[in-house]
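When a residue number appears, it is its place in the shown sequence, counting from 1.
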Amino acid sequence: DGDNISPSHYEILLNEIRKNGRIIVHRLYADFMSQNIKGWKDICVKFGIRGMQTFRLAKKESSDNELIVDCMSLLYGNSNVQTFVIVSSDSDFSSLANEIRLRGTFCIGMGYKHTPEKLRSHCDKFIVIENLVPTTNNKIITLEKRQDVAIRDFIINYFEFFIICLFFIICCNPFYQ
């Protein structure tokens, strides 16, 4: 779920997933047109992940729906898949995790420590990303914090642009001279 997981953690997650077996289907669901997904494009190319483009047509992202439909298709149509790994902190995937387990297939969840218990409890195994990621001064930059930084940077850049425009108007306008 590229909308909810930071690409900076990908290699650590990949190494952890590989401990559980070989990866047969490797997909990332996201709206790649979104600025928040920029880092995932490079990861997809580097590691051969199939990027599944979804478009945000309503308030709720359609990435979740695409992921669920594809997982169900694999669950009922491909007997080679023995384990599903859902990498998300979104509790909307708890029903999917439950269905995977009811079918007799092993389900691993991976998400941040704030992942709701609803998703955690529906997985056979749940791995907290913060426990895998080496931290600097016990701080991890999550997707939410990066978005806050992006908003702050936008405001600063906008304010700087506004000051430059104001300066240009004052300097170039004969009314102010």
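Contact detail for Ser88 and Leu119: the closest heavy-atom pair is O-CD2, 3.6 Å. Across Arg101 and Cys107, no two heavy atoms sit closer than the pair CG-CB, 4.0 Å. When all heavy atoms of Val133 and Ile12 are compared, the pair lying nearest together is CA-CD1, 4.1 Å. Closest heavy-atom contact between Leu14 and Phe47: CD2-CD2, 3.8 Å. Across all their heavy atoms, Tyr112 and Ser89 have their closest contact at N-OG, 2.8 Å. In plain terms, the two heavy atoms of Val85 and Met110 that are nearest each other are CG1-SD, 3.8 Å.
Hydrophobic clustering of Ile, Leu, Val, Met, Phe, Trp and Tyr side chains at less than 4.5 Å, counting indirect connections, unites Ile23 with Ile43. Tracing side-chain contacts under 4.5 Å through hydrophobic residues (I, L, V, M, F, W, Y), one reaches Tyr10 starting from Leu132; they form part of the same cluster. A chain of hydrophobic side-chain contacts below 4.5 Å, direct or via other Ile, Leu, Val, Met, Phe, Trp or Tyr residues, connects Met72 to Val81. By the criterion of side-chain heavy atoms lying less than 4.5 angstrom apart, applied directly or through intervening Ile, Leu, Val, Met, Phe, Trp or Tyr residues, Tyr76 is grouped together with Ile24 in one hydrophobic cluster.
No option in Ile108, Leu75, Val25 other than Leu75 meets the side-chain contact (heavy atoms from CB on, under 4.5 Å) test with Phe84.
Atom CD of Glu66 sits about 6.5 Å away from atom CE of Met52, to the nearest 0.5 Å. Note that NZ of Lys118 and SG of Cys123 are 12.5 Å apart. Values are rounded to the nearest 0.5 Å. The structure places CD1 of Ile86 at 11.0 Å from NE2 of His122, a figure rounded to the nearest 0.5 Å.
Applying the ring pair (Phe, Tyr, Trp, His ring centres under 6.0 Å) test to Phe106 and every residue at least two apart in sequence or in another chain returns nothing.
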### Task
Dump the intermediate steps for side-chain contact (heavy atoms from CB on, under 4.5 Å) on Asn20 and Lys125, then the final yes or no.
CA-CA 11 Å; Asn20 293 284; Lys125 177 181 178 181; 3.5 Å; yes
### Task
Could you walk me through whether Ile17 and Val87 pass the side-chain contact (heavy atoms from CB on, under 4.5 Å) test, one step at a time?
CA-CA 10 Å; Ile17 293 168; Val87 184; 4.3 Å; yes
### Residue pair Leu67, Leu96: steps toward the side-chain contact (heavy atoms from CB on, under 4.5 Å) verdict
CA-CA 10 Å; Leu67 190 152; Leu96 174 63; 3.8 Å; yes
### Task
Begin from the C-alpha positions of Leu74 and Asp70 and carry the test side-chain contact (heavy atoms from CB on, under 4.5 Å) through to its verdict.
CA-CA 6 Å; Leu74 285 169; Asp70 283 357; 5.5 Å; no
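Using a cut-off of 4.0 Å between Lys/Arg side-chain N and Asp/Glu carboxylate O, Lys46 and Glu11 are scored as salt-bridged.
A donor-acceptor distance shorter than 3.5 angstrom exists from the side chain of Arg120 to the backbone of Thr115, with no hydrogens or angles considered. Not a single donor-acceptor pair under 3.5 Å links the side chain of Asn131 to the backbone N or O of Ile127.
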